[in-house]
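Each remark here refers to the structure printed beneath this line.
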Amino acid sequence: MGKLYLVPTPIGNLDDMTFRAVKVLQEADIILAEDTRNSGKLLKHFDIATPMQSHHMHNEHKTVDYWVKRIQAGETVALISDAGTPAISDPGFLLTRACVEHGIEVDCLPGATAFVPALVNSGLPNDRFIFEGFLPEKKGRQTRYLQLAEETRTMILYVSPHKLVKTLGEFVQYFGFDRPVSISREITKLHEETIRGTAEEVLKHYETKPPKGEIVAVVAGKPTK
């Protein structure tokens with residue numbers, strides 16, 4: 001029987017690629033990539049000639065059984081996303097679950113993921129926290145906010161740049177204008193920045209300076225009495 005590797009890739013700075021990640025990708029029988037065009041640039045940079053096939057949110061439901069059978073037949077499969085650790089707000093969970101259910105060995109390498117540096121860099125308590133990923137677009141969004149309004153742990157969310165101002169307005173609405181917030185943008189990239197302050201202060205900042213790039217929002221939990 002083969003094996004499934006989940007391999008983190010850099011979220012911006014290619015120097016964050018680990019030696020082990022390169023070795024695993026070079027030695028795998030095949031690489032499953034979220035976007036083969038994007039990942040092709042990464043593989044070329046690190047001189048990795050392993051063949052690739054697409055594995056993304058639009059086809060993963062249909063192909064899980066196929067890949068399970070190939071791994072059971074003895075192939076070593078490495079799964080990567082466009083950036084960061086697979087299955088963290090990216091494809092990967094379905095294949096991982098199926099492999100576990102079929103007794104296939106799964107090995108997730110340590111490596112880049114956006115929310116950890118954003119949390120640590122925020123200056124907010126990180127001994128206990130929750131990761132929410134992307135909030136629902138419409139249905140269930142208000143319900144989730146009402147739940148999070150009572151959360152006492154530090155909260156981490158992924159936010160699209162064109163929705164950041166709206167989201168910060170929702171932070172003010174549901175968490176209060178004075179709730180501490182930290183916004184990390186373009187982590188590890190050339191224009192990386194972190195803006196910290198109250199929800200109201202950070203909202204005013206981005207109302208005058210529309211953000212670009214990948215964004216992680218870190219929000220303090222509800223104060224305990």
Side-chain angles (χ1 to χ4, degrees), residues 1-119 131-134 156 158-161 184-190 192 213-216:
M1 186 178 291
K3 183 175 181 177
L4 173 65
Y5 283 98
L6 304 175
V7 184
T9 55
I11 58 177
N13 192 324
L14 292 180
D15 288 343
D16 291 334
M17 190 74 167
T18 69
F19 293 113
R20 185 183 174 204
V22 172
K23 185 173 185 291
V24 167
L25 293 179
Q26 287 174 334
E27 296 179 352
D29 293 306
I30 193 162
I31 296 170
L32 301 185
E34 186 176 5
D35 186 331
T36 55
R37 294 167 299 180
N38 181 69
S39 296
K41 301 173 185 177
L42 177 75
L43 301 191
K44 183 178 180 180
H45 180 83
F46 289 103
D47 196 25
I48 298 169
T50 307
M52 280 190 297
Q53 288 199 28
S54 294
H55 184 82
H56 47 72
M57 63 181 293
H58 301 295
N59 72 2
E60 60 177 337
H61 289 82
K62 302 176 183 178
T63 60
V64 164
D65 291 340
Y66 171 77
W67 289 114
V68 165
K69 290 177 181 178
R70 287 188 58 167
I71 298 171
Q72 287 176 321
E75 291 192 65
T76 296
V77 174
L79 174 64
I80 61 176
S81 63
D82 285 346
T85 300
I88 302 297
S89 293
D90 276 326
F93 164 69
L94 294 179
L95 182 56
T96 300
R97 180 178 63 182
C99 286
V100 170
E101 290 174 347
H102 286 83
I104 295 171
E105 184 178 0
V106 178
D107 190 352
C108 181
L109 276 60
T113 188
F115 79 81
V116 173
L119 170 64
F131 173 69
E132 286 290 311
F134 290 99
I156 308 167
Y158 286 164
V159 184
S160 300
S184 289
R185 187 178 67 84
E186 293 290 82
I187 295 172
T188 80
K189 299 178 184 177
L190 181 62
E192 177 178 1
E214 302 294 328
I215 293 170
V216 183

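Scope of the values below: all heavy atoms of this structure, side chains included, with no hydrogens, waters or symmetry mates. What you see is a predicted model, and the numbers here were worked out from it, not measured in a lab.
- Remark: of the listed residues K62, R70, K69, R70 is the sole one forming a side chain to side chain donor-acceptor pair (under 3.5 Å) with Y66.
- A distance of 7.0 Å separates OG1 of T50 from CG of L25, quoted to the nearest 0.5 Å.
- Between S39 and I31 the shortest side-chain heavy-atom distance does not fall below 4.5 Å.
- Every residue two or more places apart in sequence or in another chain that forms a side-chain contact (heavy atoms from CB on, under 4.5 Å) with H56 is listed here: E34, S54, H58, N59.
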Passes side chain to side chain contact (heavy atoms under 4.5 Å, CB included), H55 versus L79? Steps please. CA-CA 8 Å; H55 184 82; L79 174 64; 3.6 Å; yes

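- In terms of heavy-atom proximity, V24 sits nearest to A78 at CG1-CB, 4.5 Å.
- Each of V7, T63, L95, I80 was checked for a side chain to side chain contact (heavy atoms under 4.5 Å, CB included) with L32, and the lone residue meeting it is L95.
- Here the shortest heavy-atom pairing between P10 and A112 reads CA-CB, 4.2 Å.
- Counting only residues at least two apart or in different chains, ring-ring contact (aromatic ring centres under 6.0 Å, His included) contacts with residues 92-118 comprise F115-F131.
- You'll find the side chain of E214 stays beyond 4.5 Å of the side chain of I11, heavy atoms only.
- Heavy-atom neighbours of K189 NZ from other residues, nucleotides or ligands within 6.0 Å: above the threshold of 12.
- Looking at heavy atoms from C-beta onward, L6 lies out of side-chain contact with T85 at the 4.5 angstrom threshold.
- Atom CD of E105 and atom CD1 of I71 lie 11.0 Å apart (nearest 0.5 Å).
- The shortest side-chain heavy-atom distance between Q53 and W67 falls under the 4.5 Å cut-off.
- When side chains are defined from C-beta on, S184 does not count as touching I215, because their heavy atoms never get closer than 4.5 Å.
- The closest side-chain heavy-atom distance from V100 to V106 is below 4.5 Å.
- Within 6.0 Å of CZ in F19 there are 12 or fewer heavy atoms belonging to other residues, nucleotides or ligands.
- Between I187 and A114, the shortest heavy-atom distance links the atoms CD1-O, 3.4 Å.
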Would you please test V77 and Y5 for side chain to side chain contact (heavy atoms under 4.5 Å, CB included) and show each step? CA-CA 6 Å; V77 174; Y5 283 98; over 6 Å; no

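- L42 CG to D35 CG: the interatomic distance, rounded to the nearest 0.5 Å, is 12.0 Å.
- Note that the CG atom of L109 and the CG atom of D107 stand 5.5 Å from one another [nearest 0.5 Å].
- Legend: residues meeting salt bridge (Lys or Arg N to Asp or Glu O under 4.0 Å) with D65, ordered by chain and number and at least two apart, are absent.
- The side-chain heavy atoms of Y158 and V216, taken from C-beta on, include a pair separated by under 4.5 Å.
- Taking all atoms of both residues into account, the shortest heavy-atom contact from P110 to R20 is CD-NH1, 3.9 Å.
- For the residue pair A87 and G92, the shortest heavy atom distance occurs at CB-C, 3.9 Å.
- Around the CD atom of E60, the shell of radius 6.0 Å holds more than 12 heavy atoms that belong to other residues, nucleotides or ligands.
- Side-chain contact between Q72 and I104: present, with at least one pair of heavy atoms (C-beta onward) separated by less than 4.5 Å.
- For the atom pair CG of D82 and OG1 of T9, the computed distance is 7.5 Å after rounding to the nearest 0.5 Å.
- Nearest heavy atom pair, residue P51 against residue I30, reads O-CG1, 3.4 Å.
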